[in-house]
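Report on one structure; see the data block that follows.
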Amino acid sequence: MAGIKIAFDFGTSTVLAAVHGRGVKIKEPSVIAYDTFDDRIIAIGRDAYRMIGKAPDSITVVRPVREGTVYDYDAVEHMLRHYIQKLCGNRIFKPEVIISVPAGVSELEKRTVAELATKSGASKACVIEEPLAAAIGAGVDIHDHTGVLIVDIGGGTTDLAIVTGGCIAVSSSLGVAGKTFDEDICRFARREKDTVIGDVTAESVKKQVGAAKFPDAELAVRAVGKDYLSKLPRSIEISSTDIFLCIREHLEQIIEGIRLLLESTQPELNADILTNGIIVTGGGAMLRGIDEYIQNRLGLRTRCAEEPELCVVRGIDRAFSDRKILSDNGYVFKSYSDIKDFEE
Ligand SMILES: Nc1ncnc2c1ncn2[C@@H]1O[C@H](COP(=O)(O)OP(=O)(O)OP(=O)(O)O)[C@@H](O)[C@H]1O
Ligand SMILES: [Mg+2]
């Protein structure tokens with residue numbers, strides 16, 4: 001009897017894992033907290049997220065993936081081991097794992113991520129590039145030879161890719177994403193309302209009332225922070241219009257990134273995008289009106305995928321039953337010893 005098969009999307013903001021045939025089982029913030037003095041792990045995922053901005057000096061809270069790439073290897077290994085154990089329980093056989101990496105990363109980086117998975121309890125691991133997985137998860141027939149443009153707005157990066165014939169034809173990655181919008185909201189609160197708010201509060205405000213357009217009906221929430229001058233707690237109101245205006249400059253950078261990618265694309269693929277349009281995936285696709293914004297600025301049909309934050313993990317999961325996706329792209333399952341033998 002073989003072990004189970006696990007798809008991992010280990011992002012800057014969120015860790016998602018799906019067990020093949022059983023759906024998405026893990027959806028937690030990509031955060032770990034450990035003891036500053038002896039490195040003992042204190043909390044992982046949701047529990048660690050609650051400590052951001054509040055932990056005492058004796059506890060270090062980190063996001064081990066930044067801008068889509070592994071920043072703290074030990075932390076990622078700990079987290080993968082934790083989730084693999086949680087999903088496998090006391091099974092004897094180790095699982096096979098497919099894990100996503102940003103498009104265009106080096107072979108060394110792909111090998112490092114696969115190695116981390118095998119060190120954390122996978123019998124064999126394989127990587128897949130995120131925009132390809134996002135396209136599959138958004139329901140695109142990626143074996144078809146007509147191009148579709150994927151805009152995956154995550155926490156740390158916005159990944160752009162044209163996917164056709166089962167492969168990524170062109171791709172690029174922008175440093176503007178969900179976290180940038182949170183920083184814009186913090187800056188707005190500080191400048192316009194003389195109030196310092198934390199990243200977690202800014203993200204929560206964005207999720208509740210954030211918009212990439214002037215709203216039909218204004219939404220507003222109260223956010224609690226610290227008065228810049230008196231340093232005392234203070235509650236302020238932030239509206240959808242406030243957010244749209246303060247993130248607009250960065251929305252424009254995403255538009256510019258898409259424009260540049262299209263400029264570097266062959267005319268036949270460009271023609272496909274005119275027909276098939278743009279699909280927005282990733283948690284950032286849940287920003288109200290983002291599809292409308294992209295469509296109006298570029299004149300290209302744009303839609304948000306359903307459950308956009310789950311597209312990558314669902315796409316990875318599909319690769320377990322459609323191995324052509326892996327073979328067409330040279331993605332190969334490797335055990336820990338395969339990886340080590342290669343390095344020697
Ligand atoms: N309703 C919402 N409105 C606006 N933004 C949202 C909403 N829900 C989630 N987000 C944002 O989506 C981002 C997380 O998206 P996602 O889970 O796709 O990122 P990730 O895969 O972890 O990051 P990356 O791909 O950059 O490594 C966060 O910045 C989060 O604030
Ligand atoms: Mg992502």
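Bear in mind the structure is a predicted one, so any value in this text is a computation, not a measurement. Counting starts at 1 for both ligands and their atoms, in listed order.
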Which other residues belong to the hydrophobic cluster containing Ile52, where Ile, Leu, Val, Met, Phe, Trp and Tyr are joined when side-chain heavy atoms lie under 4.5 Å apart, directly or via other members? Val31, Ile42, Tyr49, Met51, Ile59, Val61, Val200

Per-atom contacts, ligand 1 versus Gly11 - under 4.0 Å to a heavy atom: 20 (P), 21 (O), 22 (O), 27 (O)

Could you check whether Ser239 and Thr241, counting side-chain N and O atoms only, form a donor-acceptor pair closer than 3.5 Å? no

Do ligand 1 and Val65 have nitrogen or oxygen atoms that lie under 3.5 Å from each other? no

Taking a cutoff of less than 4.0 Å between a non-hydrogen atom of the residue and any ligand atom, is Gly68 in contact with ligand 1? yes

Please determine if Thr12 has a nitrogen or oxygen closer than 3.5 Å to a nitrogen or oxygen of ligand 1. yes

Please report whether ligand 1 has a polar contact with Asp182, defined as an N or O pair separated by less than 3.5 Å (distance criterion only). no

Are any of the N/O atoms on Gly282, whether in the backbone or the side chain, positioned under 3.5 angstrom from an N/O atom of ligand 1? no

Among all protein heavy atoms in this structure, tell me which lies nearest to atom 17 (O) of ligand 1, with the distance rounded to 0.1 Å. Thr14 OG1, 2.9 Å

Quick one: does NZ or CZ of Lys226 land under 6.0 Å from the six-membered ring centre of Tyr228, within 45 degrees of the ring axis? no

So, is Asp9 polar-close to ligand 1, with some N/O to N/O distance under 3.5 Å? no

If you compare Arg288, Arg63, Glu203, Glu309 by their heavy atoms, the one closest to atom 31 (O) of ligand 1 turns out to be Glu203

Glu115 with Arg111: basic N within carboxylate O range, under 4.0 Å: no

Of the protein's non-hydrogen atoms, which lies at the shortest distance from atom 23 (O) of ligand 1, and what is that distance? Gly155 N, 2.9 Å

I'd like the name of whichever of Glu130, Arg66, Lys206, Met286 reaches closest to atom 5 (N) of ligand 1 through any heavy atom. Lys206

Can you tell me if CD on Gln253 sees more than 12 non-hydrogen neighbours from other groups inside 6.0 Å? yes

Salt-bridge test for Arg323 and Glu96: reply yes if a basic N is under 4.0 Å from a carboxylate O, no otherwise. yes

Within the 4.0 Å heavy-atom shell around Gly178, which atoms of ligand 1 are there? 29 (O)

Please round to the nearest 0.5 Å and tell me the distance separating atom CD1 of Ile236 and atom OG1 of Thr195. 4.5 Å

If you define the side chain from C-beta out and look only at heavy atoms, does anything of Asp159 sit under 4.5 Å from Ser171? no

Which of the numbered atoms in ligand 1 are below 4.0 angstrom from a heavy atom of Gly284? 12 (O)

Is Asp47 paired with Arg50 through a side-chain N to carboxylate O contact shorter than 4.0 Å? yes

Report the nearest protein non-hydrogen atom to atom 18 (O) of ligand 1: residue, atom name, distance rounded to 0.1 Å. Gly283 N, 2.9 Å

